[in-house]
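To start, the structure itself, in structure tokens.
Every value quoted in this text rests on a predicted model; they were computed, and no experiment measured them. Below, all heavy atoms of this structure are taken into account, side chains as well, without hydrogens, waters or symmetry copies. Along the sequence shown, residues carry numbers from 1.
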Amino acid sequence: MNISNNFKTLALSAVLSTAAVSASACTNFIVGKKASVDGSVMVTYNADDYGMFGYLCHYPAGTHKQGEMRKIYDWDSGEYHGEIPEAPVTYNVIGNINEFQLSIGETTYGGREEMVDPTGIIDYGSLIYLALQRSKTAREAISVMTSLVEKYGYCSEGETFSICDPNEAWIMEMQGTGKGSKGVVWVAQRIPDDAICAHANQSRIGKFNMKDKKNVLHSKNVIAYARKMGWFTGKDADFSWKHTYAAPDFSGRRFCDARVWSFFNHWQKGFDRYLPWALGKDEKAEDMPLWIIPDRKLSVHDVEMCLRDHYEGTAMAIDSTNIGGGIYQMPYRPTPLTFKVDGKEYFNERPISTQQTAFSFVSQLRSWLPNEIGGIIWFGNDDANMVAYTPVYCGSTVQPECYNTPGADAVTYSDKNAFWVCNWVSNMVYPRYSQLFPELQAVRDSLETSYFAAQKQVEDKAMALYATDKAAAVKYLNDYSNEKAQQMLASWQDLGRLIIVKYNDMAVKKTKDGKLVRSVVRPGYPASFAKKLVKETGDWYAVPAKK
């Protein structure tokens, strides 16, 4: 995502309000089925953009008459691009997953500006949901996506897509071939079943084996176009997609690939060998692999926690080590990413977890279960670190009210809306992070623990219903999904009220018998910050010694 809103806003004005902002945004993780604890394929998405409002979209399954057309509106700006023929049959889509457990995420990397074709009809966001409505598998989605843009043109910048089903995980990169061309170049690679992969706004596919038809797919012109433009003159075997079409620079490595490095660093010992690449300053640093084999298998919880990462425990940790964290050791920094002091440019780290996340999900795709039971999108509206992911089963046809709230949009607050309630709470927590975050963390982790604990029982009941009444099983899971989302909203409303009362005016109210009382504690500065303050101000604030 660049300035994307993959879940359309409820009002066009709200969509347009985000269109003037550009950011290095979004992070995707991919986990192969043999790299996960339970054998599921997983794909994640932190959708990041300032000013963005998102919700859990729904496209119902349908049949369409010959000649019926589909209007295409740009996912970033809402601009009308044109129309294409509707598919005869379309599938149910809830969020970024469909009824066949196909799930797709993305990050925008830009690439060569001269490759963008503004005359193309289809943008990357529209392409995702067209594919989800028209495809049953990841391979079919790749075919649908590439066929559409090859016929109608592609108008977005360079894009990386995560395309996963219960059996296969793929990464695909795509760019146009210049203004007015209606052309496209693309390459897709299958991620090995025992591997994990990630991308974060920097092109990731380097060299690829064009002879491996089973695991590598590409456009016919993938190298020919580069030769035509004079960007590549070597042997086909030496062609690197990213170094030709989107060469990594300092920002591509430090702001983008560093997030990939941090994810991989959790799961493979010795991965700090690639730290110089992530730091971005050593031009000769060793590049990271596209995927790695993790030292141990990942659970849904593991992946959720990685989406909450701020480089903890690494050289890039965003914590209390400098004044940027403020009094309460906030692992977030103001934007933009770069700033100038006395004419010299500096930067902030850009972690996986960030305040501008509008929605986040982990899709869990399980081949051994019926699709309606096997596919879950664990969804949250706000910074991944500040939300409890609630389960939404892929057969759902009715969204929870809190994820699809009438009247709520980018400029309209609603206390019935998860995006706004979660943002209300997180924005109270940010400036007093070390003091308030434990309150949020306790609620977040308690809710998620309860969801995981109930999962088997819920799915066993769904399986029993499915054996005799498929529709009843789907409704049961839909109702359960909505119940948990609304439960989360209620818990967050309670959390917000607790924080404003308990921590009012920078004091902390005491508790007695589990209830708040009027008596307060005034904690003052954390010891580490007090030392920094004294070091900076010397004796200016020193109390004179008594004579």
Side-chain angles (χ1 to χ4, degrees), residues 1-9 12 15-26 28 47 49 52 57 59 69-87 96 104-135 141-163 172-188 199 201-203 205 218-222 225-226 228-229 231 241-242 244-246:
M1 173 173 293
N2 188 13
I3 54 171
S4 164
N5 187 347
N6 267 16
F7 296 152
K8 278 189 175 178
T9 58
L12 181 58
V15 176
L16 295 175
S17 72
T18 71
V21 184
S22 180
S24 291
C26 303
N28 281 196
D49 175 29
M52 177 184 173
C57 70
Y59 295 94
M69 303 297 286
R70 169 73 170 266
K71 295 183 184 298
I72 305 298
Y73 294 91
D74 191 277
W75 222 251
D76 288 340
S77 66
E79 178 186 354
Y80 174 68
H81 286 312
E83 58 184 26
I84 65 173
E86 186 59 274
N96 281 51
I104 304 177
E106 61 78 30
T107 72
T108 301
Y109 63 81
R112 293 181 180 268
E113 292 182 8
E114 60 267 47
M115 294 177 71
V116 178
D117 178 15
T119 66
I121 291 179
I122 301 177
D123 64 284
Y124 73 93
S126 300
L127 191 58
I128 287 175
Y129 294 96
L130 288 168
L132 287 170
Q133 291 174 80
R134 299 176 180 215
S135 313
I142 292 169
S143 177
V144 167
M145 294 168 80
T146 57
S147 296
L148 285 170
V149 294
E150 286 170 348
K151 186 171 184 178
Y152 300 105
Y154 176 67
C155 62
S156 294
E157 298 176 290
E159 195 75 21
T160 308
F161 298 95
S162 299
I163 307 171
M172 180 171 73
E173 300 200 318
M174 177 183 293
Q175 292 186 231
T177 55
K179 186 175 182 179
S181 68
K182 293 292 180 70
V184 67
V185 287
W186 60 271
V187 61
H199 54 94
N201 305 115
Q202 169 58 53
S203 175
I205 298 178
H218 58 83
S219 59
K220 294 179 181 179
N221 63 342
V222 66
Y225 174 71
K228 173 186 173 183
M229 299 299 292
W231 299 333
W241 172 278
K242 69 179 180 181
T244 302
Y245 293 135

- Keeping the roles fixed (side chain from Ser181, backbone from Gly178), state whether a donor-acceptor pair exists under 3.5 Å. yes
- Measure the shortest side-chain to side-chain distance between Lys182 and Val149 over non-hydrogen atoms and say whether it is less than 4.5 angstrom. no
- Message: Nearest 0.5 Å, please: how far is SG in Cys26 from CG in Asp49?
- Response: 7.5 Å
- Task: Evaluate the side-chain proximity of Ile72 to Asp123: yes if any heavy-atom separation is below 4.5 Å, no if none is.
- Result: yes
- To the nearest 0.5 Å, what is the distance between OG1 (Thr160) and OH (Tyr124)? 12.0 Å
- Message: Classify the ring geometry of Trp231 against Tyr245: parallel below 30°, tilted from 30° to 60°, perpendicular beyond 60°.
- Response: perpendicular
- Which of these passes side-chain contact (heavy atoms from CB on, under 4.5 Å) with Met145: Trp186, Phe161, Tyr154? Phe161
- Task: Indicate the atoms forming the closest heavy-atom contact of Ala141 with Ser135, along with that distance.
- Result: CA-OG, 3.3 Å
- Task: Check the pair Lys179, Val116 against side-chain contact (heavy atoms from CB on, under 4.5 Å), reporting the backbone distance first and the verdict last.
- Result: CA-CA 6 Å; Lys179 186 175 182 179; Val116 178; over 6 Å; no
- So Glu159 and Thr108, side-chain hydrogen bond (donor to acceptor under 3.5 Å, both in side chains) or not? Walk me through it. CA-CA 5 Å; Glu159 195 75 21; Thr108 301; 2.8 Å; yes
- Query: Within the distance-only criterion (no hydrogens, no angle test), does the side chain of Asn96 pair as donor or acceptor with the backbone N or O of Gly105 below 3.5 angstrom?
  - Reply: no
- Message: Counting C-beta onward and ignoring hydrogens, is there a side-chain heavy-atom pair between Tyr109 and Lys242 closer than 4.5 Å?
- Response: no
- What's the verdict on side-chain contact (heavy atoms from CB on, under 4.5 Å) for Ile104 and Leu132, showing C-alpha distance, side-chain angles and the deciding distance? CA-CA 8 Å; Ile104 304 177; Leu132 287 170; 3.9 Å; yes
- Here the gap from Ile84 atom CD1 to Lys151 atom NZ, rounded to the nearest 0.5 Å, amounts to 9.0 Å
- Note on the structure: dist Ser203:OG -> Gln175:CD (nearest 0.5 Å) comes out at 7.0 Å
- Query: What are the two closest heavy atoms between Tyr80 and Lys71, and how far apart are they?
  - Reply: CE1-CB, 3.9 Å
- Task: Could you tell me whether a side-chain N or O of Asp117 sits under 3.5 Å from a main-chain N or O of Gly176, the two making a donor and an acceptor?
- Result: no
- Is there side-chain contact between Trp75 and Ser156, with heavy atoms separated by less than 4.5 Å? no
- Item | Residue pair Cys155 / His81, side-chain heavy-atom distance below 4.5 Å | yes
- Message: Check Glu86 with Arg134, please: is the shortest side-chain N to carboxylate O separation under 4.0 Å?
- Response: yes
- Task: Report yes if the side chains of Glu173 and His218 come closer than 4.5 Å at any heavy-atom pair, otherwise no.
- Result: no
- Task: Enter the distance from His199:NE2 to Thr107:OG1 here, rounded to the nearest 0.5 Å.
- Result: 5.0 Å
- So Glu106 and Leu127, side-chain contact (heavy atoms from CB on, under 4.5 Å) or not? Walk me through it. CA-CA 11 Å; Glu106 61 78 30; Leu127 191 58; over 6 Å; no
- Item | Atom pair CG (Leu130) and CG (Leu148), whose distance is rounded to the nearest 0.5 Å | 6.0 Å
- Which heavy-atom pair separates Tyr73 from Gly78 by the least distance, and what is that distance? CD2-O, 3.5 Å
- Message: If we ignore hydrogens and angles and just use 3.5 Å, is the side chain of Ser126 paired with the main-chain N or O of Ile122 as donor and acceptor?
- Response: no
- Item | Met172/Thr146 under side-chain contact (heavy atoms from CB on, under 4.5 Å): CA gap, chis, key distance, verdict | CA-CA 10 Å; Met172 180 171 73; Thr146 57; 3.9 Å; yes
